[in-house]
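Note: hydrogens, waters and symmetry copies are ignored here, and every other heavy atom, side chains too, is used.
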Amino acid sequence: MQVLRTPDDRFAGLADWPYAPHYAQVMDGDGTALRLAYVDEGPRDGAVVLLMHGEPSWAYLYRKIIAALAAKGHRVIAPDLIGFGRSDKPTLRTDYTYAGHVDWMSQWFEAMDLTDVTLFCQDWGGLIGLRLVAAFPDRFAGLVIANTGLPTGSGMTEGFKAWLEFSQTVPEMPIGMIVNMGTGRDLTPAEIAAYDAPFPDETYKEGARQFPTLVPVTPEHGQVAENKAAWEVLERFDRPVVTAFSDGDAVSRGGDAVFQTRIPGAKGQPHVTTKGGHFLQEDCPDDITAILDTMIKARS
C-alpha cells in the first residue's frame, strides 16, 4: 500500500481551528502502518464524548462543538478517518473498504481504552461508529445518532442515489463545495478552504471518491452480513439513544425511525428534528452540544 500524508502547513491558520493534533498508529492487513490523527480536548477526567465524522469531511466539522463541550468540562475526542483530515491517505481506491475502515477504527478505539463513551455519529461516522458500538457495547454509555444509517442491502434514497452519481462522475471533487452544498447556511470562503485543506490535489481524494460506492445498499455489497450482525447487538442496547436527524437532508430522510424502533435504549427518549442540511454540525452546533451535555448530565 502506498500512502500520502498531507503537509502540516495545509492546516496552519485554519478558521476556528486552534486544536493540536494527536496521532496514533493503526496497521493495515498488508502490514502497512497508517497514521491516524485525532483531536483530544477538555479535562482528562471529563465524561468522554466521541465525535465521528463522515464523507468527505474531517474533524473540522465539529470545531464549534468541541470547544463548547470542552468548556462544559467534557473530554472531547474527534478522530479523522483514514483518507481524511490529517490522517494518512492510501493512494488507491481499492485500498478503501468498509471492513478496512471498521478494523482501523477498532484498533484505534481499543488502544485509546475509552469507557463510558457518549457517541455522536453522522454520515459514515454512523456506519463506522455504530459498528464500534456493536463490537464494544459495554464501552458506550449513550448514543446520539444523526443523518446516518446502518444499511443492510435494502436499497437507497433518491438523495443518496443522486449523491452516488455525482461523486462518481464529477471530474474534480470539490470537497469544500460539497460540504457547503450539504449545509443549510452558506459557509464562508475560509470554512470552505478548511474542508479543502487535507486534499492538495486529486491524488489525495481516493477515499472520498470511493466511500459512496461502499455503502451497502444492495445485497451484493460487502459488509451486509456484518451490519446485520451489528443490528442484533444494537437491538439489545438499552442505554440512552437519541436521534437528532435534520429537517433538510435528502440523503438520510426518514432514517431516524429505524433507530427509534429497533434500539431499546431509544424508547421514551427526547428525539429531536434539528434544523439544517446533511452536515447539521454546521447548521446547529449549539443544539448538538445541548443534546450531548443533557445526555451526560442525566447520568450523573
Discussion item. Any heavy-atom pair between the side chains of Phe166 and Ile178 that's under 4.5 Å?
Written reply: yes
Worksheet entry | Distance-only side-chain donor-acceptor flag, Asp249 / Ser252, under 3.5 Å | yes
Worksheet item: Is Asp286 salt-bridged to Lys64, cutoff N-O under 4.0 Å?
Response: no
Worksheet item: Out of curiosity, does Val39 fall in the hydrophobic cluster containing Tyr23 (side-chain heavy atoms, cut-off under 4.5 Å, transitive links)?
Response: no
Discussion item. With rounding to the nearest 0.5 angstrom, report the CG to CG distance, Asp30 to Asp95.
Written reply: 7.5 Å
Fill in: Within-4.5 Å side-chain heavy-atom neighbours: Arg10 and Phe199
no
Worksheet item: Given side chains that start at C-beta, do those of Thr152 and Pro216 come closer than 4.5 Å, heavy atoms only?
Response: no
Practice prompt. Could you label the plane-to-plane angle of the Trp104 and Tyr96 rings as parallel, tilted or perpendicular, counting under 30° as parallel and over 60° as perpendicular?
Written response: perpendicular
Worksheet, complete the sentence: Shortest non-hydrogen pair, Ile82 vs Ser87, comes out as CA-CB, 4.0 Å
Worksheet item: Has the side chain of Glu191 got a donor or acceptor atom that lies under 3.5 Å from a matching backbone atom of Thr188?
Response: yes
Discussion item. I'd like to know if Arg209 and Glu206 make a salt bridge, using a cut-off of under 4.0 Å between side-chain N and carboxylate O.
Written reply: no
Worksheet, complete the sentence: dist Met105:CE -> Ile128:CD1 (nearest 0.5 Å) comes out at 7.0 Å
Discussion item. Applying side chain to side chain contact (heavy atoms under 4.5 Å, CB included) to Gln2 and Leu92, what does each step give before you reach the verdict?
Written reply: CA-CA 8 Å; Gln2 299 298 311; Leu92 298 179; over 6 Å; no
Worksheet item: Applying the 4.5 Å side-chain criterion to the ILVMFWY set and letting contacts propagate, would Leu14 and Phe279 be lumped into a single cluster?
Response: yes
Worksheet item: Do Phe136 and Val117 have side chains that get closer than 4.5 Å, going by heavy atoms?
Response: no
Response to the item:
When rounded to the nearest 0.5 Å, the distance separating CG of Asp138 from CG of Asp116 is 10.5 Å
Item to complete: Answer yes or no: are there more than 12 heavy-atom neighbours, outside Glu202 itself, under 6.0 Å from its atom CD?
Response: yes
Worksheet item: Below 4.5 Å, heavy atoms only, C-beta onward: do Asp247 and Lys275 meet side chain to side chain?
Response: yes
Fill in: Nearest atoms (heavy-atom pairs only) where Leu34 meets Pro90
CD2-CG, 4.3 Å
Worksheet item: Can Met52 and Leu119 be said to form a side chain to side chain contact (heavy atoms under 4.5 Å, CB included), step by step?
Response: CA-CA 8 Å; Met52 295 283 291; Leu119 171 69; 3.5 Å; yes
Worksheet item: Is the gap between the ring centers of Phe237 and Trp231 under 6.0 Å?
Response: no
Discussion item. Please check this pair: side chain of His22 against backbone of Tyr38, looking for a donor-acceptor N/O pair closer than 3.5 Å.
Written reply: no
Item to complete: Start with the C-alpha distance between Phe259 and His271, add both sets of side-chain angles, then the distance that settles side chain to side chain contact (heavy atoms under 4.5 Å, CB included), and finish with yes or no.
Response: CA-CA 11 Å; Phe259 294 109; His271 304 294; over 6 Å; no
Practice prompt. Check whether any side-chain heavy atom of Thr213 sits under 4.5 Å from a side-chain heavy atom of Leu164, and report yes or no.
Written response: yes
Worksheet item: If we only count heavy atoms from C-beta on, is the Trp163 to Val215 side-chain gap below 4.5 Å?
Response: no
Discussion item. When you measure from the side chain of Asp283 to the backbone of Thr183, do you find a donor-acceptor pair of N or O atoms at a distance under 3.5 Å?
Written reply: no
Practice prompt. Supply the atom-to-atom distance Arg75 CZ to Asp40 CG, rounded to the nearest 0.5 angstrom.
Written response: 4.0 Å
Worksheet item: Hey, does Tyr195 have a side-chain heavy atom less than 4.5 Å from the side chain of Leu187?
Response: yes
Worksheet, complete the sentence: Arg236 and Glu232 have their tightest heavy-atom pair at NH1-O, 3.1 Å
Worksheet item: Is it true that Val233 and Val144 fall in one hydrophobic cluster, defined by side-chain heavy atoms closer than 4.5 Å?
Response: no
Discussion item. Restricting to non-hydrogen atoms, name the atom on Ala244 and the atom on Ile291 that form the minimum distance, rounded to 0.1 Å.
Written reply: CB-CD1, 4.0 Å
Discussion item. Test your reading of the model: is there a side-chain donor-acceptor pair from Gln107 to the backbone of Met27, 3.5 Å cut-off?
Written reply: yes
Worksheet item: Are the aromatic ring centres of Trp124 and Phe84 under 6.0 angstrom apart?
Response: no
Item to complete: Measure centre to centre between the rings of Phe109 and Phe140, then say whether the value is under 6.0 Å.
Response: yes
Worksheet item: Between atom CZ of Phe245 and atom CD1 of Ile145, what is the distance when rounded to the nearest 0.5 Å?
Response: 7.0 Å
Practice prompt. Rounded to the nearest 0.5 Å, what's the gap from CG on Leu280 to CG on Asn147? Could you check?
Written response: 5.0 Å
Practice prompt. Please check if the side chain of His278 supplies one atom and the backbone of Asp123 the other of a donor-acceptor pair under 3.5 Å.
Written response: no
Discussion item. Has Arg93 got a side-chain atom pairing as donor or acceptor with Thr91's backbone, closer than 3.5 angstrom?
Written reply: no
Discussion item. With a 4.5 Å cut-off on side-chain heavy-atom distances among I, L, V, M, F, W and Y, is there a chain of contacts connecting Tyr98 to Met1?
Written reply: yes
Practice prompt. Flag the pair Arg63 and Glu282 as a salt bridge only when some basic side-chain nitrogen lies within less than 4.0 angstrom of an acidic carboxylate oxygen.
Written response: yes
Worksheet item: So which of Gln223, Glu226, His101 actually passes side-chain hydrogen bond (donor to acceptor under 3.5 Å, both in side chains) with Arg131?
Response: Gln223
Discussion item. Quick check on the hydrophobic clustering: are Leu150 and Met156 connected, directly or via other members, by side-chain heavy-atom contacts under 4.5 Å?
Written reply: yes
Worksheet entry | Aromatic contact, Tyr60 with Trp17 (centres under 6.0 Å) | yes
Discussion item. If I compare all heavy atoms of Val76 with all of Leu51, which pair ends up nearest, and what's the gap?
Written reply: CG1-CD1, 3.5 Å
Worksheet item: Are the charged groups of Arg139 and Asp113 less than 4.0 angstrom apart, N to O?
Response: yes
Worksheet item: Is there a donor-acceptor pair under 3.5 Å between the side chain of Lys72 and the backbone N or O of Asp293?
Response: no
Worksheet, complete the sentence: When every non-hydrogen atom of Arg86 is compared with those of Ala37, the smallest separation belongs to CB-CB, 3.5 Å
Discussion item. The test is side chain to side chain contact (heavy atoms under 4.5 Å, CB included); show your working for Met295 and Phe120 and say whether it passes.
Written reply: CA-CA 11 Å; Met295 177 178 281; Phe120 183 93; over 6 Å; no
